[in-house]
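Below is one structure; the comments refer to it alone.
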Amino acid sequence: MSLLFVVGTVSCTLFLAVNGLYSASDDVIELTPTNFNKEVIQSESLWLVEFYAPWCGHCQRLTPEWKKAATALKGVVKVGAVDADKHQSLGGQYGVRGFPTIKIFGANKNKAEDYQGGRTSDAIVDAALSALRSLVKGRLSGKSGGYSSGKQGRESGGGDKKDVIELTDDSFDKNVINSDDVWMVEFYAPWCGHCKNLEPEWAAAATEVKEQTKGKVKLAAVDATVNQMLASRYGIRGFPTIKIFQKGEDPVDYDGGRTRSDIIARALDLFSDNAPPPELLEIISEDVLKSTCDAHQLCIISVLPHILDTGASGRNSYLDVMLKMAEKYKKKMWGWLWTEAGAQSDLESSLGIGGFGYPAMAAVNARKMKFALLKGSFSEQGINEFLRELSVGRGSTAPVGGGAFPKIHSVEPWDGKDGELPVEDDIDLSDVDLDDLGKDEL
């Protein structure tokens, strides 16, 4: 049975500069989407793998203990680390939701067991040896102890291909050309050795991609020796050939790596490229603020001038700028919110906006309750520079006032119209003798 360990989902400081925690001189093996399959999945060894983010304080504190454990286990159990902030597709592939996450890969590398132990080198070594003992006993009892590379060819049924869609000359156009989804199509020949090597990777990637993109990116296969019309139509000259099809565009060749991780990474990039931008929500209740900020690494909050100061056209111009930035940074998976000046005055104060300087913008890490303020102009250029600095871990931050979001008032959503001044009560002056006014002061 395969084993994987996860150290609790703990969110860490967001705004620190991004630097790797391990070097080539360490006994910790740095893993990436390029080498993960070869080093870990196809290995006979037991692996402990830490998924970390360089900015994460808990990860930084774990680093010396992880290095000690790696040195102690050298030649016995392999110890690796993945920068999951840099290689988000690899972290997502293994369900990483917080940092650090530790997983141990044992006999069945396609499954894993979460690590729930302590974060000292002693605890980590003890857990590794316990897992190793289980693996060895499994081998003694006749259970498979290694990874089956799936090189036996398509006709032998290697790998679970349930999520790879088989296409033919007759079904191709109906399924692919007229689809709103993105298709990655492998053209193969059953006798091709490289195709046989790719098959288990393609099958495993198909399942992951289907789950992570909700079926919006599909992996398919065409036997080019049988469906020669398609092979001729797309100029297939060698095997395997992988092409990417998107509606309204000419197909392009996939020229990335052929491991599951490489394929998934490309598929997720295609998905995010074609995904709609995140919603831009008005803060009309506490639930809107909390659900958005709790679900995203960062939430971008704008405080726009009062509707009487800008009118509908002015407000819409600000919202358009935010929507363009949400589109530009949609791969970051941030949350986007706005409110009217004065509608949530306590929130403004907690973010250092304080009742003036509208429009204003703050980027908030709700897990650490820290924020950064836009210092430049509220324009595409100014906001882009602000968000780009945040993306690379730069920019000054401050704690949210009070250490938590303040009370959020429930308000009516903006109706999209210009504002109206409140109607004043009519005053009847008909019975007032104006000639008598001020006589007492004379």
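Note: hydrogens, waters and symmetry copies are ignored here, and every other heavy atom, side chains too, is used. The structure displayed is predicted, hence computed values, not measured ones.
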Taking atom CG of Leu289 and atom CG of Leu337, what is their separation to the nearest 0.5 Å? 6.0 Å
Which heavy atom in Ala372 sits nearest to a heavy atom in Leu390, and how many Å separate them? CB-CD2, 3.9 Å
Heavy-atom count check: over 12 atoms from other residues, nucleotides or ligands less than 6.0 Å from Lys210 NZ? no
How about CD on Glu249, more than 12 heavy atoms from neighbouring residues, nucleotides or ligands closer than 6.0 Å, or not? yes
Check Val49 against Trp66 and note the closest heavy-atom contact, atom names and distance. C-CZ2, 4.1 Å
Determine whether a donor-acceptor pair (N or O, by modelled atom type, separation under 3.5 Å) exists between the side chain of Gln344 and the backbone of His409. yes
Report the C-alpha distance between Cys293 and Phe405 in whole Å, list the side-chain angles of each, state the deciding distance to 0.1 Å, and finish with yes or no for side chain to side chain contact (heavy atoms under 4.5 Å, CB included). CA-CA 10 Å; Cys293 291; Phe405 284 131; 4.1 Å; yes
Under 3.5 Å: donor-acceptor pair, side chain of Arg367, backbone of His296: yes
Cys56 and Phe99: which non-hydrogen atoms are nearest, and at how many Å? SG-O, 3.8 Å
Go through the steps to decide whether Asp262 and Thr34 satisfy the test side chain to side chain contact (heavy atoms under 4.5 Å, CB included), and finish with yes or no. CA-CA 6 Å; Asp262 292 324; Thr34 302; 4.2 Å; yes
For the CG atom of Asp170 and the CG atom of Asn227, what is their distance to the nearest 0.5 Å? 8.0 Å
So, Glu201 versus Thr259: side-chain donor-acceptor pair below 3.5 Å or not? no
Classify the side-chain pair Ser261/Asn37 by whether it contains a donor and acceptor separated by less than 3.5 Å. no
Of Leu280, Ile383, Asp320, which meets side chain to side chain contact (heavy atoms under 4.5 Å, CB included) against Met325? Ile383
For Tyr22 and Asp83, test the side chains for any donor-to-acceptor distance below 3.5 angstrom and give the result as yes or no. no
Measure the SG-CH2 distance between Cys299 and Trp334 for me, rounded to the nearest 0.5 Å. 11.5 Å
For Trp414 and Trp338, take the angle between the two ring planes, folded into 0 to 90°, and tell me which bin it lands in: parallel under 30, tilted 30 to 60, perpendicular over 60. perpendicular
Quickly, which of Lys67, Lys74, Lys68 forms a salt bridge (Lys or Arg N to Asp or Glu O under 4.0 Å) with Asp27? Name it, please. Lys74
Starting from the C-alpha separation in whole Å, work towards a yes-or-no answer on side chain to side chain contact (heavy atoms under 4.5 Å, CB included) for Glu340 and Leu304. CA-CA 5 Å; Glu340 179 180 78; Leu304 304 183; 5.9 Å; no
If you count heavy atoms of other groups shown closer than 6.0 angstrom to CD of Glu211, is the number above 12? no
Evaluate Lys328 against Asn384 for side chain to side chain contact (heavy atoms under 4.5 Å, CB included), listing each step before the verdict. CA-CA 9 Å; Lys328 183 179 181 67; Asn384 182 50; 2.9 Å; yes
When the aromatic ring centroids of Phe239 and Trp191 are compared, is their separation below 6.0 Å? yes
Parallel, tilted or perpendicular: which one describes the rings of Phe51 and Tyr94, with boundaries at 30° and 60°? tilted
I'd like to know if the side chain of Trp47 reaches the main chain of Glu39, judged simply by a donor and an acceptor atom lying under 3.5 Å from each other, with no hydrogens or angles considered. yes
Result of checking Asp169, Thr168, Asp173 against Ser171 for side chain to side chain donor-acceptor pair (under 3.5 Å): Thr168
Exactly one of Trp183, Tyr234, Tyr254 clears ring pair (Phe, Tyr, Trp, His ring centres under 6.0 Å) with Phe245, and that residue is Tyr234
Backbone N/O of Gln228 and side chain of Ser232: donor-acceptor pair under 3.5 Å: no
Pairing donors with acceptors under 3.5 angstrom, does anything connect the side chains of Asp223 and Thr225? yes
Between Asp346 and Ser349, is there a side-chain donor-acceptor contact under 3.5 Å, judged purely by atom types and distance? no
Between the OG atom in Ser130 and the CG atom in Leu135, the distance rounded to the nearest 0.5 Å is 11.5 Å
